[in-house]
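Counting starts at 1 for both ligands and their atoms, following the listed order.
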Amino acid sequence: MIYLLPLVSVLIGYVISRFLNPGTSTGFKLLLSFSGAYLLSVTIFELLPEVYAEAIDGIGIFIMLGLLLQILLEFVSKGVEHGHMHTTDKSTAFPLMLLVSLSIHALLEGVPLDEKGHLLHGVVIHKIPVAAILSVFLIHSKLAKWKVFLFLGIFALMTPLGSFLKMNVPLIAESSVYLNAIVIGIFLHVSTTILFEASRNHKFNASKLLVIVAGILLAYFI
Ligand SMILES: [Zn+2]
Ligand SMILES: [Zn+2]
């Protein structure tokens, strides 16, 4: 499941992108808000206490490093990880730097995943809107179809690869607490940005608030 679900989430995101316009669809925006609230909740409820339970001096520094890393990655990705793109660039060149940026993010988020945790669900739910946005961008770019699928294929494999490396490479397994701390920083930045951008102009939106509360409650009780 740990390898399969992240792959499936990219596929679902791709399928969604064929039916919904992530830029305008209300349903998509609600899904995005829900994914942000759910990801933030599992980070706070599970990943954060797990990492601090190891009682390692200065582990908080790695959380802040993860946050900074995500800020750097978003200079390249223009915000795909939090569910939209701030760019209208339509280049014919293969967006290699975009792929590298998203792959670093996706590879790292595979490290803390395990079979029992809710984090797997959180990452899967968070990946669906990301894959949808990415698909829309790639399909509307002037890239050849096989390049679009190559891009999505490599991107989809990164999270399972991160989990695989954690389970099979001793060095990565031994440093997983530091990597998990970095992932906390990444998730804090991504999820709070989603929630921040969901309430642009601070206009009250009952359905958005409802899905955010639902995301927090589901993460806590399930
Ligand atoms: Zn943004
Ligand atoms: Zn992610």
Side-chain angles (χ1 to χ4, degrees), residues 2-3 5-14 16 22-24 28-29 31-44 46-48 63 65-89 98-114 117-137 151-152 154-163 165-166 179-202 208 215 219:
I2 215 170
Y3 297 125
L5 284 179
L7 286 173
V8 171
S9 65
V10 174
L11 194 65
I12 295 173
Y14 174 78
I16 285 178
T24 52
F28 183 83
K29 285 183 180 143
L31 170 68
L32 187 60
S33 297
F34 177 81
S35 77
Y38 195 90
L39 187 65
L40 180 60
S41 304
V42 285
T43 304
I44 303 274
E46 286 182 15
L47 197 52
L48 197 59
I63 296 178
L65 282 176
L67 205 132
L68 284 172
L69 174 66
Q70 184 59 29
I71 291 173
L72 287 174
L73 292 175
E74 285 182 17
F75 285 136
V76 181
S77 72
K78 308 289 178 201
V80 178
E81 295 99 324
H82 58 258
H84 66 99
M85 277 193 112
H86 291 282
T87 174
T88 49
D89 177 33
L98 177 66
L99 180 58
V100 170
S101 159
L102 292 175
S103 293
I104 293 171
H105 171 107
L107 187 70
L108 282 169
E109 76 190 355
V111 173
L113 299 187
D114 54 38
H118 300 139
L119 196 65
L120 179 62
H121 309 151
V123 166
V124 166
I125 294 167
H126 144 74
K127 263 185 173 313
I128 292 172
V130 173
I133 291 288
L134 196 57
S135 303
V136 168
F137 168 75
F151 190 114
L152 287 172
I154 294 173
F155 170 69
L157 286 173
M158 283 300 149
T159 299
L161 178 64
S163 309
L165 291 176
K166 198 262 307 273
L179 292 169
N180 288 358
I182 289 173
V183 172
I184 291 173
I186 290 175
F187 284 167
L188 286 179
H189 187 266
V190 167
S191 57
T192 50
T193 307
I194 291 172
L195 296 179
F196 166 73
E197 291 187 351
S199 62
R200 271 231 174 112
N201 309 324
H202 305 283
K208 256 181 202 164

Check whether NZ of the Lys or CZ of the Arg Lys127 lies under 6.0 Å from the centre of the six-membered ring of Phe155 and within 45 degrees of that ring's axis.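 Output yes; distance and angle both within limits.
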
Of all N/O/S atoms in Glu197, which lies nearest to the Zn ion (ligand 1)?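 It is OE2 of Glu197.
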
Side-chain heavy atoms of Leu48 within contact of Ile63, under 4.5 Å: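 Yes; the side chains approach each other to less than 4.5 Å.
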
Under 6.0 Å between ring centres: does that hold for His82 and His105?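 Distance test on ring centres: not under 6.0 Å, no.
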
Counting backbone and side-chain atoms alike, is an N, O or S atom of Glu109 positioned under 2.8 Å from the Zn ion (ligand 2)? yes

Under 2.8 Å from the Zn ion (ligand 1) - does any N, O or S atom of Glu74 fall there?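 It does not; every qualifying atom lies at 2.8 Å or beyond.
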
Side chains of Glu197 and Thr193: any donor to acceptor distance under 3.5 Å? no

